Amino acid sequence: MIPVQRLCLSASLLLAAAMPAYAHVGIGTTSSFTAGFMHPLSGLDHMTVMIAVGLWAALKGGGAIWAWPAAFVGVMLGGAALGMAHMPLPFVEPGILASVVALGLLVALAVDLPVSAGVAILGLFALFHGHAHGTEVPENAGGLEYMAGFAVATVLLHAIGIAAGLGLGMRFRAVARIAGAACAAIGVGFVFGVV
């Protein structure tokens, strides 16, 4: 089995076995820019995924450095709009947990995919993240300030991942890959309820 097939099989098995992270719907204040900005900084699942996107983009280089984070943020906001409109999306929490594991593995293995394939993978995971946060917005709040704060914090976390990946340079790619392995391990911990 080739590495990409193993990655897909592993992600599918973890998605099927995943339990909800309970880090999303109904947790915390969701009606201000500050609440939105702080939310990605309040959970290990958020921080690891957002930084992993940046690390993976830095490992890939070229157009991925801007395309992958931009795709993630754009689709995340689209998913948030669906959540705010109460449009159902299956497997949101398992998808979020799978994103932690899968993105960690993509970084740890330094998987080199075409930019368009990376956009598709990140878009799928971003849809789950965005939908969860759009669903959190109460009926009596517009939620736009919250989502703007969430988007800004996401961009900053992506930038931290990119800066770390580029700052480490080719000599220290192993450090970025170890960070990816740590992200995957955290995801597995979430799946089995030990984190």
Side-chain angles (χ1 to χ4, degrees), residues 3 6-30 35-59 68-69 72-73 75-76 79-80 83 89-111 121-136 146 149-151 153-165 168 173-195:
R6 284 186 195 161
L7 178 65
C8 290
L9 177 61
S10 298
S12 298
L13 291 173
L14 287 170
L15 180 62
M19 297 175 57
Y22 302 111
H24 299 104
V25 179
I27 306 299
T29 302
T30 57
F37 183 83
M38 293 306 295
H39 193 80
L41 307 176
S42 67
L44 199 52
D45 60 335
H46 296 290
M47 288 196 310
T48 54
V49 166
M50 304 313 162
I51 292 171
V53 168
L55 281 171
W56 192 37
L59 288 173
W68 289 356
F72 193 98
V73 173
V75 176
M76 180 187 70
L89 181 67
F91 307 116
V92 171
E93 290 294 333
I96 290 168
L97 290 174
S99 74
V100 181
V101 175
L103 285 168
L105 289 174
L106 289 167
V107 173
L109 300 173
V111 176
I121 290 167
L122 293 172
L124 175 64
F125 291 140
L127 183 65
F128 292 132
H129 282 267
H131 191 276
H133 297 296
T135 304
E136 293 173 338
Y146 174 77
F150 188 81
T154 298
V155 167
L156 291 174
L157 289 169
H158 289 337
I160 288 169
I162 291 168
L168 292 171
R173 279 177 70 97
V175 175
R177 294 179 70 181
I178 290 169
C183 176
I186 289 167
V188 170
F190 278 129
V191 168
F192 293 104
V194 295
V195 173

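Because the structure is a prediction, the values reported are computed rather than measured.
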Problem - Euclidean distance, W68 CH2 relative to L106 CG, rounded to 0.5 Å - result: 8.0 Å

Exercise for the section: Could you pull out the closest heavy-atom pair between A102 and F125, with the gap in Å? Expected result: CB-CZ, 3.7 Å

Handout entry: From I186 atom CD1 to L44 atom CG, the distance as rounded to the nearest 0.5 Å
Key = 4.0 Å

Fill in the blank from the handout: Nearest heavy-atom approach of G161 to A58 is O-CB, 4.4 Å

Practice task
Can you measure from CD1 (I162) to CG (L59) and round to the nearest 0.5 angstrom?
Solution key: 11.0 Å

Practice task
Kindly say whether V111 contributes a backbone atom to a donor-acceptor pair with the side chain of W56 at under 3.5 angstrom?
Solution key: yes

Fill in the blank from the handout: Nearest heavy-atom contact between G83 and T135 is CA-OG1, 3.6 Å

Practice task
Hey, can you tell me if H39 and F150 have their rings parallel, tilted or perpendicular (30° and 60° cut-offs)?
Solution key: tilted

Practice task
Any chance you could measure L41, atom CG, to H46, atom NE2, to the nearest 0.5 Å?
Solution key: 9.5 Å

Practice task
Apply side-chain contact (heavy atoms from CB on, under 4.5 Å) to L127 and H131, showing your working.
Solution key: CA-CA 6 Å; L127 183 65; H131 191 276; 5.5 Å; no

Handout entry: S99 versus V49, closest heavy-atom pair with distance
Key = OG-CG2, 3.5 Å

Exercise for the section: Rounded to the nearest 0.5 Å, what's the gap from CD on E93 to CG on D45? Could you check? Expected result: 8.0 Å

Problem - Shortest non-hydrogen contact from A176 toward L55 - result: CB-CD2, 4.1 Å

Practice task
Can you measure from CG (L122) to CE (M76) and round to the nearest 0.5 angstrom?
Solution key: 12.5 Å

Practice task
Give the minimum heavy-atom separation between H129 and I96, together with the two atoms involved.
Solution key: CE1-CG2, 3.6 Å

